K.L.:
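Attaching a single structure in structure tokens format; questions to follow.
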Amino acid sequence: MTDINCTRGPISQETEAFLAAKTHTLLLDGQWVESASGETFETCDPATGEVIGHVARGGSADVDAAVSAARNAFEAGPWYAMTPMERSQLLWRIADIMETNIDELAELESLDQGKALYVGRWAEIPGAINQFRYFSGMATKIEGSTIPTSINYQPEGKEVFAYTQKVPVGVVGAIVPWNSPLVLTAMKLAPALAAGCTIVLKPSEDTSLTAIRLLQLMQEAGLPNGVVNLVTGYGNEAGAALAAHQDVDKITFTGSTATGRKILEASKGNLKRVTLELGGKSPVIIMPDADLSAAIPGAANAIFFNGGQVCIAGSRLYAHRSIYDEVVEGVAETAAEMKLGHGLDPATQMGPLVSAKHAAKVANYVSESKNDGASVICGGETLGVNQSFVSPAVVADAKSDSRIVQEEVFGPVLVVTPFDDVDEMVTFANDSPYGLAAGIWTEGLSSATRLASRIKAGTVWINSHAMYDASLPIGGMKQSGFGRDSGQAAMDNYLDLKTVCAIV
Ligand code: NAD
């Protein structure tokens with residue numbers, strides 16, 4: 001593959017205006033302020049390496065201030081006292097104001113994270129808006145139940161009246177990664193706010209900009225002070241301080257399995273509740289009866305969308321031996337034809353990875369696999385002025401216990417393996433520490449549903465991959481974590497169940 005043009009396309013006046021601020025601060029109790037240390041860190045356009053802003057480097061003192069503001073808003077401030085209908089209306093207004101600013105949000109996401117503009121503009125930012133609309137409806141539907149009891153020792157003439165209430169867990173620390181920053185942030189904020197919780201948000205140090213812009217928009221929509229606080233900064237500083245904080249009731253985390261373990265460890269001090277949305281190594285299975293005109297582009301999209309930097313990316317492809325050659329050829333052809341370029345060039349299908357450092361790590365998986373006996377059919381080279389692009393790669397003949405098959409590469413790298421029968425394929429698919437998602441391509445829907453129940457994954461798609469909706473719970477089995485984002489199930493992350501039992 002020849003090297004690529006990293007020149008970015010035009011950006012809107014609104015995006016220019018946001019970037020003109022140059023230095024971006026923390027949001028503590030409704031005020032935009034510098035970090036206690038006064039320090040900042042650079043944020044870059046990954047395609048070129050150009051510095052596009054400086055972001056406040058929050059630390060433990062800032063986390064203390066943010067948690068205290070969130071606690072006050074929860075216990076004494078306006079949020080807890082607001083009616084469910086008022087909370088619902090605010091969430092809807094946030095969605096509306098995001099929609100008005102959708103082009104700017106998509107541009108900022110491309111500039112900061114690298115993703116091709118269409119990914120943000122048509123998939124992720126609309127997805128983020130839908131989170132606020134969906135959970136706006138939930139705020140007014142948090143119901144307990146009345147419970148008939150068999151208690152018979154109440155005083156003569158009295159009755160037992162028992163019921164449950166669902167109450168907000170309190171102050172939530174939300175820690176999110178860099179691959180799809182805004183939609184993953186919305187997946188935390190929308191249900192937590194609908195439940196009546198207050199929040200301290202810690203975005204990834206690699207992609208802080210859309211979180212900052214989102215909170216500005218939320219303020220415009222009428223978010224009361226202290227209800228959502230923003231502490232930008234590094235994971236081992238701001239993130240670690242939030243995870244360990246004694247006055248945080250709940251951590252909702254999306255990120256790597258390695259960091260998930262640290263979060264769990266840090267949460268022990270006050271036994272805070274934890275939800276972990278972690279890594280994946282999702283299998284895509286193509287059965288011999290699949291419609292290959294849909295399955296081949298579907299499998300390619302499952303891995304190459306957003307440069308493979310997707311937790312549910314279909315990074316292991318298992319195709320029946322009778323169609324294996326045709327599938328591999330088709331996916332490799334798609335890979336070779338993909339147009340790489342700056343995320344803000346409208347012609348770009350795949351942008352750079354989030355950083356040159358990450359691109360080098362991804363490319364290393366491919367070269368290491370070659371040394372380990374695998375055949376690299378295409379791709380796996382770093383490209384571009386900043387060496388932050390990786391050409392989409394297809395790798396065959398990798399050993400099932402090799403790193404490229406077992407570990408999450410989190411880039412545009414697909415490992416392909418043939419299978420001969422269904423039992424062998426199920427063994428291959430489940431041979432992973434992860435259990436986030438899977439895709440099955442077949443025309444036999446009844447065998448597909450039977451197969452779906454044998455694959456250990458939180459989500460199984462049939463004749464599709466990565467179909468998201470705010471109504472569909474998403475989350476992992478095994479080391480992909482626990483708890484669910486999206487859907488009614490997400491409300492459980494932010495609600496405690498209280499039983500009230502009275503003699504009346
Ligand atoms: P990461 O674990 O390195 O970082 C995630 C967040 O945690 C960042 O904000 C980071 O600053 C913070 N962090 C790092 N160390 C910390 C610590 N010691 N204490 C507290 N916070 C800390 O992950 P990443 O590289 O940003 O994101 C990629 C990972 O996210 C992949 O593994 C991907 O699969 C996963 N992911 C999962 C889902 C899902 O829904 N399951 C969705 C998207 C991404």
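Each ligand, and each atom within it, is numbered from 1 in the order the structure gives. None of these values were measured; they are calculated from a predicted model. Along the sequence shown, residues carry numbers from 1.
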K.L.:
What is the closest protein heavy atom to atom 3 (O) of ligand 1, and at what distance does it sit?
P.N.:
Thr259 OG1, 3.8 Å
K.L.:
Nearest protein heavy-atom contact for atom 13 (N) of ligand 1: which residue, which atom, what distance?
P.N.:
Gly235 CA, 3.4 Å
K.L.:
Assert yes or no for the condition that the ring centre distance of Phe410 to Trp178 is strictly below 6.0 Å.
P.N.:
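Ring centroids of Phe410 and Trp178 are less than 6.0 Å from each other.
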K.L.:
Any atoms of ligand 1 less than 4.0 Å from a non-hydrogen atom of Leu436? List them with their elements.
P.N.:
41 (N)
K.L.:
Please work out which of the three classes, parallel, tilted or perpendicular, describes the rings of Tyr118 and Phe305, given edges at 30° and 60°.
P.N.:
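Correct class here is perpendicular.
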K.L.:
Using heavy-atom distances only, which candidate in Thr254, Val354, Leu276 approaches atom 5 (C) of ligand 1 most closely?
P.N.:
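Checking each option, the heavy atom nearest atom 5 (C) of ligand 1 is found in Thr254.
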K.L.:
Who's closest to atom 7 (O) of ligand 1 heavy-atom-wise, of Tyr434, Phe253, Tyr234, Phe410?
P.N.:
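Shortest heavy-atom distance from atom 7 (O) of ligand 1: Phe253.
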K.L.:
Taking the six-membered ring for Trp and the single ring otherwise, decide whether the centroids of Tyr318 and Phe428 are under 6.0 Å apart.
P.N.:
yes
K.L.:
Between Asp62 (side chain only) and Ala36 (backbone N and O only), is there a donor and an acceptor less than 3.5 Å apart?
P.N.:
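Confirmed, Asp62 side chain pairs with Ala36 backbone.
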K.L.:
Is the closest heavy-atom distance from Ala238 to ligand 1 below 4.0 Å?
P.N.:
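The answer is no, since Ala238 has no heavy atom less than 4.0 Å from ligand 1.
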K.L.:
Give me the residue, atom name and distance of the protein heavy atom closest to atom 6 (C) of ligand 1.
P.N.:
Val176 O, 3.5 Å
K.L.:
Identify, for atom 44 (C) of ligand 1, the protein heavy atom at the shortest distance, and state residue, atom and that distance.
P.N.:
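Heavy-atom neighbour on the protein nearest atom 44 (C) of ligand 1: Asn179 OD1, 3.3 Å.
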K.L.:
Looking at atom 31 (C) of ligand 1, what's its closest protein heavy atom, distance included?
P.N.:
Glu408 OE1, 3.3 Å
K.L.:
Using a strict 4.0 Å threshold on nitrogen-to-oxygen distance, state whether Asp431 and Lys456 make a salt bridge.
P.N.:
no
K.L.:
For ligand 1, which atoms sit closer than 4.0 Å to a heavy atom of Glu205?
P.N.:
10 (C), 11 (O)
K.L.:
Using 30° and 60° as the class boundaries, would you call the ring planes of Phe18 and His24 parallel, tilted or perpendicular?
P.N.:
parallel
K.L.:
Any heavy atom of Ile474 sitting closer than 4.0 Å to ligand 1?
P.N.:
no
K.L.:
Looking at atom 18 (N) of ligand 1, what's its closest protein heavy atom, distance included?
P.N.:
Lys262 CD, 3.6 Å
K.L.:
Hey, does Ser480 sit under 4.0 Å from ligand 1 if you only count heavy atoms?
P.N.:
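Contact absent.
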K.L.:
Identify the protein heavy atom lying closest to atom 25 (O) of ligand 1, giving its residue, its atom name and the separation to 0.1 Å.
P.N.:
Trp178 NE1, 2.9 Å
K.L.:
Which residue supplies the protein heavy atom nearest to atom 20 (C) of ligand 1, what is that atom called, and how far is it?
P.N.:
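Among all protein heavy atoms, the one nearest atom 20 (C) of ligand 1 is Gly239 C, 3.1 Å.
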K.L.:
Pick one: which of Thr210, Leu353, Asn306 meets side chain to side chain contact (heavy atoms under 4.5 Å, CB included) with Gln113?
P.N.:
Asn306
K.L.:
Find all atoms of ligand 1 within a distance of less than 4.0 Å from any non-hydrogen atom belonging to Ile263, and give their numbers and elements.
P.N.:
20 (C), 21 (N)
